[in-house]
Amino acid sequence: GAVVSQHPSWVICKSGTSVKIECRSLDFQATTMFWYRQFPKQSLMLMATSNEGSKATYEQGVEKDKFLINHASLTLSTLTVTSAHPEDSSFYICSAPKTGTQKHNEQFFGPGTRLTVL
Amino acid sequence: LAKTTQPISMDSYEGQEVNITCSHNNIATNDYITWYQQFPSQGPRFIIQGYKTKVTNEVASLFIPADRKSSTLSLPRVSLSDTAVYYCLVGGGNAGNMLTFGGGTRLMVKP
């Protein structure tokens with residue numbers, strides 16, 4: 001199967017600082033990537049759709065100025081949490097669909113990034 | 001996107017067969033049914049996908065009745081390592097479509 005990586009796997013930062021999370025498709029190109037947030041014992045919540053070469057599309061209630069998304073290339077999308085606060089502490093997961101597979105809209109997920117804001 | 005309903009949690013014992021049913025009454029004609037598995041602190045992983053009838057792969061079976069308003073994921077002879085959250089998703093077949101996750105079913109396999 002296809003591989004999606006995330007970096008870092010975990011990060012601890014002070015309140016008010018910014019944190020960048022990278023999502024890479026290692027062996028395929030992804031014009032679209034998705035960013036999710038998951039709080040403990042809860043399901044994944046879609047935050048935004050990252051589009052290569054154009055602006056990201058944010059879900060309702062997600063602040064685009066706080067969660068900056070840049071899809072710099074066909075294999076890399078970054079999510080920057082600006083001025084992070086403790087309530088931003090969560091598990092951030094990215095996914096990327098791969099075309100040409102036999103499965104319909106199969107998404108490959110990264111391993112996630114655990115963000116803890118002190 | 002069709003909404004899905006699953007049991008919040010299930011318990012089982014090693015070696016048993018586990019069946020998790022998902023309701024999706026508003027499934028559209030072009031929607032596929034896909035199940036993902038998520039272990040703690042990891043991203044979800046694709047398990048199985050189907051459109052109608054029965055699909056089987058090396059890890060699970062998926063049963064879909066004729067009206068497609070529900071589906072059942074069957075895990076044969078579960079082991080402790082099958083303890084995870086299982087998500088049922090319903091959506092169109094176009095690559096690049098976002099996935100909407102429901103609550104999922106937290107399966108606990110006991111020794």
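Every chain is numbered from 1, with letters handed out A, B, ... down the list of sequences.
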- Counting heavy-atom pairs under 4.5 angstrom with chain A, the leader among B:P44, B:S41, B:G104 is B:P44
- Message: On a heavy-atom basis, which atom in A:I93 and which in B:G43 lie closest, and how many Å separate them?
- Response: CG2-CA, 4.2 Å
- Nearest heavy-atom pair of B:G103 and A:S43: which atoms, and what distance? CA-CB, 4.2 Å
- Does a sphere of radius 6.0 Å around NE2 in A:H7 hold more than 12 heavy atoms from other residues, nucleotides or ligands, not counting ones at 6.0 Å or beyond? no
- Message: Can you tell me if A:K66 has over 12 outside heavy atoms packed within less than 6.0 Å of its NZ?
- Response: yes
- Assess whether atom CZ of B:F39 is packed by more than 12 heavy atoms of other residues, nucleotides or ligands within 6.0 Å. yes
- Query: Is the distance between the ring centroids of A:F108 and B:F46 under 6.0 Å?
  - Reply: no
- Query: Is it the side chain or the backbone of B:Y51 that comes within 4.5 Å of chain A heavy atoms, both, or neither?
  - Reply: neither
- Message: Quick check: is B:V109 connected to B:I20 through a chain of hydrophobic side chains (ILVMFWY, heavy atoms under 4.5 Å apart)?
- Response: yes
- Message: Quick check on the hydrophobic clustering: are B:W35 and B:I27 connected, directly or via other members, by side-chain heavy-atom contacts under 4.5 Å?
- Response: yes
- Query: In terms of heavy-atom proximity below 4.5 Å to chain A, should B:Y36 be classed as side chain, backbone, both, or neither?
  - Reply: side chain
- Message: Please classify the contact of A:Q42 with chain B as side chain, backbone, both or neither, using a heavy-atom distance under 4.5 Å.
- Response: backbone
- Do the side chains of A:W35 and A:M45 join up, straight or via other hydrophobic residues, at under 4.5 Å, putting them in one cluster? no
- Message: Restricting to non-hydrogen atoms, name the atom on B:Q38 and the atom on A:Q38 that form the minimum distance, rounded to 0.1 Å.
- Response: NE2-OE1, 2.8 Å
- Message: Rounded at 0.5 Å granularity, tell me how far CG in A:L46 sits from CG in B:L99.
- Response: 8.5 Å
- With a cut-off of 6.0 Å (strictly less than), are more than 12 heavy atoms of other residues, nucleotides or ligands near CD1 of B:I8? no
- Determine whether the aromatic ring centres of B:F101 and A:Y36 lie less than 6.0 Å apart. yes
